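Chain letters run A, B, ... following the sequence lines, proteins first and then strands; every chain starts at 1. In this text the structure is predicted, and so the values were computed from the model without any measurement.
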Number of protein chains: 2
Amino acid sequence: MKRKTTIKDIANALQITPSAVSRALHNHPRISDKTKKAVKLKAKELGYQPNHLASALRSGKSNLVGIIVPRTNSYFFSSVVENIEEELNKEGYNVIITQSNESYQKECRNIEALLQTQVDGIIASLANETVDFEHYERIKQKGIPLILYDRGENDIGVDYVGIDDYQSSHIVVDHLIEQGCERIAHIAGFSHTRIYKNRIRGYIDALLKHNIPIVESLILESNLTLEEGRKKTEELLKLPKWPDAIFASGDYAALGALQVLQEHGIKVPDEIALVGFSNEPFTKLISPTISTVHQHNHKIGKLVAQQFLKRVNDPNWKPVLHKIILDAELIVRESSLRKK
Amino acid sequence: MKRKTTIKDIANALQITPSAVSRALHNHPRISDKTKKAVKLKAKELGYQPNHLASALRSGKSNLVGIIVPRTNSYFFSSVVENIEEELNKEGYNVIITQSNESYQKECRNIEALLQTQVDGIIASLANETVDFEHYERIKQKGIPLILYDRGENDIGVDYVGIDDYQSSHIVVDHLIEQGCERIAHIAGFSHTRIYKNRIRGYIDALLKHNIPIVESLILESNLTLEEGRKKTEELLKLPKWPDAIFASGDYAALGALQVLQEHGIKVPDEIALVGFSNEPFTKLISPTISTVHQHNHKIGKLVAQQFLKRVNDPNWKPVLHKIILDAELIVRESSLRKK
DNA sequence: TGGTAAAGTTCAAACGTTTGAGCAAATATA
DNA sequence: TATATTTGCTCAAACGTTTGAACTTTACCA
């Protein structure tokens with residue numbers, strides 16, 4: 001394995017100094033076009049690959065951005081990440097993905113690892129378990145840009161991109177009531193996570209708006225996995241009075257619910273209507289197709305990346321809070337559309 | 001934001017040189033225990049965080065390992081990654097995950113990005129699209145350790161960890177025949193990928209072993225998504241003579257098949273039995289539960305990490321090919337278990 | 001007691017790049 | 001023609017750490 005060619009080799013070959021080479025490669029205005037051309041040619045000729053570590057050390061910029069994702073096996077998260085990546089790659093940033101697996105411990109270790117790798121910024125969505133934010137404070141203190149998305153609208157005072165969860169529940173409930181439902185159950189996420197709390201609040205307020213009383217036993221908090229969706233639905237079917245609709249805060253939970261309903265021979269949507277959340281691809285592939293809420297995965301990814309870029313490119317950035325809240329969109333499918 | 005404390009600050013505070021501090025922190029044998037203790041104490045006191053970039057630059061080791069994964073939204077891949085991560089973290093390595101999204105282009109760009117980040121090694125599984133391996137040759141030429149897992153048993157002559165795909169088909173076919181099936185269809189992956197080719201070969205040889213003729217129209221190549229699973233199953237049901245079993249090379253495709261079968265009112269497993277591949281969590285949660293092949297995700301992750309560690313820690317590593325092939329395990333569930 | 005070895009540390013260079021300051025030549029300005 | 005400005009480059013230090021070599025001091029052995 002031969003020694004890698006450095007900026008020095010180019011300099012020697014052209015009888016100029018390394019600094020001139022460096023400036024030429026970066027299109028410094030004080031370098032003549034002739035030299036620039038010669039340098040770039042020689043660089044290609046020698047197969048020069050910039051040493052990222054050296055430039056990062058010297059300039060204090062690693063051009064790496066860390067992403068923390070609760071789980072990778074969700075379409076929502078993986079498409080957000082994909083879009084962040086795309087947007088940042090364009091600007092010369094590379095992306096390090098780490099997963100917390102919904103674990104607080106793991107999330108802390110991820111942050112540690114990212115800081116150690118000297119990332120230029122961190123983009124994160126909180127694990128389900130996470131309830132305190134000291135570890136995120138550490139990032140802020142170090143002056144490293146931090147942006148949260150989806151799970152993370154919180155009081156730590158950092159930039160955030162996500163959908164309007166409160167409003168999205170209203171859309172769902174309005175739709176179900178329009179379909180003639182009156183006892184709407186809610187398989188919710190844990191209320192200590194802001195987004196799920198907001199959905200619960202939205203659910204309650206929407207019912208009240210329609211003068212429908214709130215029934216405690218119809219609101220069940222869970223981790224929204226398929227398994228939990230099944231369990232909570234079984235619980236609902238043990239109630240003396242069944243719901244006539246189920247609104248699940250996640251598609252996997254909705255799928256679990258659907259399975260249980262079908263196993264009990266319950267007709268969806270006529271006996272019990274069903275709405276999920278996230279627009280996972282499978283929702284439109286199974287039978288009946290599941291109504292769900294679309295969170296603009298692509299847009300969220302792009303926006304969060306742009307927010308980061310805005311922040312690092314603006315030399316006089318003021319620590320002002322930027323929250324970007326998108327409107328969610330209800331996708332009505334068979335599981336909640338009753339024939340008139 | 002105050003300046004970060006460096007090794008120099010510790011040196012000054014203790015009236016010794018930076019080199020002594022560096023050696024103390026690394027437990028160099030020629031540094032007295034007294035000094036080591038003092039240094040470590042002072043380091044903690046000043047909140048010293050080693051500058052990873054500097055040490056990487058100087059020592060030529062970044063302590064980063066790149067992982068390329070075809071898709072993150074698969075339980076198999078995300079649990080392999082999780083286990084690699086765990087194993088490597090223990091040894092002080094951090095992990096960069098990049099996804100190719102099954103795209104050859106993206107895979108190339110990922111490799112570029114990883115090389116640029118100066119990773120100490122690359123662990124990869126090939127994208128579905130990938131048929132040539134020049135980009136992997138580049139890694140080899142640079143002398144950077146490369147290990148492939150699952151998709152990647154190939155002719156590039158690199159270490160590999162995966163299951164015995166040929167053998168796994170035998171187990172599946174043997175089981176289906178034992179259940180009384182005679183016309184076994186195979187929804188296969190693309191045969192240009194070695195693992196899927198091996199499964200097809202195994203499927204054919206297993207049938208021949210039982211003196212069952214091979215029917216071309218029962219072998220359908222696909223990308224193994226849920227959608228493709230549905231399409232291919234529809235195709236199978238258009239045949240003049242239906243199969244009495246479907247062996248899908250992926251669980252999502254199997255799920256698609258199951259949906260179509262159920263929509264046609266076909267009884268599973270009595271009319272058509274079904275076996276998937278990968279042991280995705282949902283296979284044991286839906287009704288009927290789907291028989292599938294377990295690939296030892298955890299073991300693969302651990303082994304691939306250990307292989308990497310062995311290689312970098314062994315100073316006189318000979319470029320000898322190491323292939324680790326695990327036996328797959330069939331998990332029989334309702335979808336293929338006929339009542340006697 | 002002289003000589004050798006071991007222990008504990010310092011010195012200085014190196015990793016590859018970036019960057020402010022400086023300098024000479026070329027060009028513009030008056 | 002003298003002076004100011006711009007252009008194009010060189011110089012040298014710096015980023016924070018690691019590391020081979022050198023240098024003292026202490027311990028050991030005969």
Q: Out of curiosity, A:Asp159 CG to A:Ile147 CD1, how far, rounded to the nearest 0.5 Å?
A: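 So the gap between those two atoms works out to 5.0 Å.
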
Q: Whole-Å distance between D:dG8 C1' and A:Lys37 NZ?
A: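 My rounded result for the distance is 17 Å.
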
Q: Any luck finding a side-chain donor-acceptor pair between B:Asn297 and B:Lys302 under 3.5 Å?
A: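 The criterion, which ignores hydrogens and geometry beyond distance, is not satisfied for B:Lys302 and B:Asn297.
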
Q: Test your reading of the model: is there a side-chain donor-acceptor pair from B:Asp120 to the backbone of B:Asn63, 3.5 Å cut-off?
A: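 It does hold such a pair.
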
Q: Looking only at non-hydrogen atoms, find the nearest pair between B:Arg138 and B:Glu112 and report the distance.
A: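 B:Arg138 and B:Glu112 have their closest heavy atoms at NH1-OE1, 2.7 Å.
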
Q: Is A:Asn89 reaching over with its side chain to a backbone N or O of A:Glu86, donor-acceptor style, under 3.5 angstrom?
A: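 No; zero donor-acceptor contacts below 3.5 Å.
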
Q: Find the bend of the helix from C:dT1-D:dA30 to C:dA30-D:dT1 as the angle between its two terminal axes (five pairs each), to the nearest 10°.
A: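 Nearest ten degrees gives 40° for this helix.
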
Q: According to ring-ring contact (aromatic ring centres under 6.0 Å, His included), who are the partners of A:Tyr136, at least two apart in sequence or on a separate chain?
A: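 In terms of ring-ring contact (aromatic ring centres under 6.0 Å, His included), with neighbours along the sequence ignored, A:Tyr136 is linked to no residue.
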
Q: Could you list by number each residue of residues 12-23 of chain A showing a heavy-atom separation from DNA chain C of less than 4.0 Å, or answer none if no residue does?
A: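 Within this stretch, A:Ser19, A:Ser22, A:Arg23 sit under 4.0 Å of the strand.
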
Q: Tell me, please, the opening and closing nucleotides of DNA chain C, 5' to 3', among those with an atom under 4.0 angstrom from a non-hydrogen atom of chain B.
A: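 Reading along DNA chain C, I get C:dA7 to C:dG16.
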
Q: Is there a donor-acceptor contact under 3.5 Å from the side chain of B:Glu107 to the main chain of B:Ala127?
A: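 It does hold such a pair.
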
Q: Do the side chains of A:Lys106 and B:Glu82 get close enough for a salt bridge, i.e. N-O under 4.0 angstrom?
A: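 No, this pair does not count.
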
Q: For residues 53-66 of chain B, which residues have at least one heavy atom under 4.0 Å from DNA chain C?
A: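 Contacting residues: B:Leu57, B:Arg58.
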
Q: Judged by modelled atom types alone, do A:Tyr93 and A:Lys61 share a side-chain donor-acceptor pair under 3.5 Å?
A: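 Distance-only check passes for A:Tyr93 and A:Lys61.
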
Q: Checking side chain to side chain donor-acceptor pair (under 3.5 Å) against B:Tyr104, which of B:Asn128, B:Thr130, B:Asp132 comes through?
A: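 Testing B:Tyr104 for a side chain to side chain donor-acceptor pair (under 3.5 Å) against B:Asn128, B:Thr130, B:Asp132 leaves exactly one candidate, B:Asp132.
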
Q: For A:Leu64, does its backbone N or O pair with a side-chain atom of A:Asn94 as donor and acceptor, under 3.5 Å?
A: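 Not a single qualifying donor-acceptor pair exists.
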
Q: For B:Ser125, which residues count as a side chain to side chain donor-acceptor pair (under 3.5 Å) partner, sequence neighbours excluded?
A: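 Listed in chain order: nothing, the list is empty.
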
